[in-house]
Amino acid sequence: MPLIQPRTLKGFRDYLPSVMIPREQMMGVARDVFRSFGFAPIDTPVLEYLEILTGKGSDETDRQIYRFEDNGGRSVGMRFDLTVPLARFAAQHIGTLGTPFKRYHIAPVWRGENPQAGRYREFVQCDFDTIGTESVLADIEAVAVINRLLEQLGFDRFTISLNNRVILTGLLEGLSLADRTVPILRTLDKLAKIGFEKTKTEMCSVAEISEEQALKVLALAGCDGDADSIFERLPEITGNNEMAATGIERLKDIYQGAVASGVPATRLKVDVSIARGLDYYTGVIFETTLDDLPAIGSVCSGGRYDNLAGLYTKQHLPGIGASLGLDRLLAAMEQLGLLPNASTPAPVFVAFFDRDYRDDYLQLAANLRQAGIGTEIYPDARKLGAQLKYADQKGFTAAIVAGGNEWSERRVQVKHLATKEAVKVEYQHGQPERLINELRNLIEQ
RNA sequence: GUGGCUGUAGCUCAGUUGGUUAGAGCAUCGGAUUGUGGUUCCGAGGGUCGGGGGUUCGAAUCCCCUCAGCCACCCCA
């Protein structure tokens, strides 16, 4: 019988322990950060009725949805983000939950697009949102959460770019271009990539506006420099439009609040050119890029939306949230060499040295686990060298070697695998304290 | 979805204008070393040359299709 070729689908991948260990750790960090701000966990089904998924979003996102007919003949789709399911969820449950409602959701999503470095068809998003309030405090908090997330994940050099769509909307209103908002935003978003001239040309043709108008829009985006000077120049650039003015004030407020809540000003950048493609953002928007790896794109993006669940309920639900791209971040850490090498989650290795002492090894390991120290026993009584080699490669911190000599002395040998240094430590099954202390010291180093 | 580049051992790659049994380094396994691992030496295993089809006396090498990876567009985490 011919073998079936083992393979994974395009854009999908397996995760080996060496990747899965840091991946799980990252999810744990994200979870702890979210919880520390009072966000509560929720979960929703992978599959939704197709109509739920396709209602919002653009044609492009509709095109990327994995869709099929289920065994009962229903049209269903796999979620392509966590925001649309949240909207449905909120419309269904906000009555019992009450507002403001803060939730986080860490789960995989699926998009049928062409993969590239840092882009997959299946990837995990870590979303957090606050819905049911328009308070600027929620906006500020979102920035603080992003900062804390990346900090806790071990990043130091990153930039959170901030903008407020209202500023641009106000400017466009002043130019009588309110109906062209979407194509203008799309084009504007490319400024950093394709440059001033091309953006101008494209804006004129795609959005069907005059060169004069395009120049005014681009003047806004060209507003560069430190935050204070940008805030100073913006009112003039927007022609003192009233709506734009409130947007500027709001952005300023967010900026100051973020600094007050401990986000270093060096990590914040007011960038009036970022737009974000998704149409549902209506207020502040943000993107986060790694200073050492800008090419990988935004690793955490989000913003404020006026009416999250308008498609599913008449209740007005404003909110703000962002999404951390965990798998993209993981790919970045891989490239930057930030991933640890360990492929074992347990720090202590017990060599199966002598068959006669099998039950002693088992009891010793049980004692260590009881004390919260992860411990693995080698399954075969192979030669010691091979066992130690295995332990070293897997990245254990310490190995315990105990043969007849040790057991008769009521001691065991603790070997620090990185330094090859070994010490003998007193140990009896009823009195594991000295061994536990010794191991804790090694693990903490 | 469209276009470009790539695909040889677990990994990194070599393979001369198509020409005998497709190679190297690292890794793995065994031994030197029956109670102590990252060095050294000796030896071994491992490849349907991504897959399928075609041209040819003969294909890793040329052609077509397909799958996958990377890049650009699009979009985005």
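Only this structure's heavy atoms are used, side chains among them; waters, hydrogens and symmetry mates stay out. We name chains A, B, ... by the order of the sequence lines, and we start the count at 1 in each one.
- Using a 5.5 Å limit on the distance between ring centres and a 30° limit on the angle between planes, the aromatic ring of A:F123 counts as stacked on the six-membered base ring of B:rA77.
- At whole-Å resolution of the value, CD1 in A:I274 and C1' in B:rA77 are 15 Å apart.
- Ring orientation note: the planes of A:Y305 and A:Y281 are tilted relative to one another, at an angle of 30° to 60°.
- Of the two residues near RNA chain B, A:L326 and A:G11, the one whose nearest nucleotide lies more 5' is A:G11.
- Residue-to-nucleotide proximity on RNA chain B shows that, of A:E421 and A:L9, the 5′-proximal contact is made by A:E421.
- Listed nucleotides B:rU36, B:rC29, B:rC76 differ in distance to A:K389; the shortest reach to its side chain belongs to B:rC29.
- Here the C1' atom of nucleotide B:rC75 and the CD1 atom of A:I65 are 14 Å apart, to the nearest Å.
- Looking at heavy-atom distances under 4.0 Å, A:Y390 makes no contact with the nucleic acid at all.
- Residue A:A418 is classed as a base contact, given a heavy-atom separation below 4.0 Å to a base.
- Ring orientation note: the planes of A:W407 and A:H429 are tilted relative to one another, at an angle of 30° to 60°.
- Ion pair A:D127/A:R103 flagged as a salt bridge, since at least one NZ, NE, NH1 or NH2 atom sits closer than 4.0 Å to an Asp/Glu carboxylate oxygen.
- Using a 4.0 Å heavy-atom cutoff across all strands shown, A:Q387 reaches no nucleic acid atom at all.
- At a threshold of 4.0 angstrom between heavy atoms, the contacts of A:L417 include nucleobase atoms, whether or not backbone atoms are also involved.
- Across all strands shown, A:E406 has heavy atoms under 4.0 Å from base atoms, whether or not it also approaches the sugar-phosphate.
- Here B:rA68 presents its C1' atom at 14 Å from CZ of A:F12, a figure rounded to the nearest Å.
- At whole-Å resolution of the value, CG in A:L384 and C1' in B:rU36 are 5 Å apart.
- Set against B:rG69, B:rA77, B:rG1, the side chain of A:P115 has B:rG69 as its closest nucleotide.
- Between A:D327 and A:R119 there is no salt bridge, since none of the side-chain N atoms of the basic residue sits less than 4.0 Å from a carboxylate O of the acidic one.
- Nucleic acid contact for A:V299: sugar-phosphate only, since backbone atoms but no base atoms lie under 4.0 Å from a heavy atom of the residue.
- B:rG47 sits 15 Å from B:rA24 when the P atoms are compared, rounded to a whole Å.
- Going from atom CG of A:D129 over to atom P of B:rA77 covers 12 Å, rounded to whole Å.
- Look at A:Q116 and you'll find a side-chain N or O under 4.0 angstrom from OP1 or OP2 of B:rA72.
- Atom OH in A:Y378 sits about 15 Å away from atom P in B:rG35, given to the nearest Å.
- Contacts of A:G385 with the nucleic acid, taken as non-hydrogen atoms under 4.0 Å apart, involve only primed sugar atoms and P, OP1 or OP2.
- A straight line from CD of A:E113 to P of B:rC75 spans 11 Å, rounded to a whole angstrom.
- In this structure, A:N405 reaches the bases: a heavy-atom distance under 4.0 Å links it to at least one base atom across the strands shown.
- Base contact: A:G404 has a heavy atom under 4.0 Å from a base atom.
- Distance A:K415 NZ to B:rU36 C1': 5 Å, rounded to the nearest Å.
- Side-chain proximity of A:N114 to B:rC76, B:rA72, B:rG35: nearest is B:rA72.
- Scanning atom types as modelled, one donor and one acceptor separated by under 3.5 angstrom connect the side chain of A:R328 and the base of B:rC76.
- For A:R111, the side-chain atoms get nearest to B:rA77 when compared with the rest of B:rU36, B:rA77, B:rG31.
- Closest to the side chain of A:R119, from the set B:rU36, B:rC75, B:rG69, is B:rC75.
- Residue side chain A:K420 reaches the base of B:rG38 through a donor-acceptor N/O pair under 3.5 Å, judged by distance alone.
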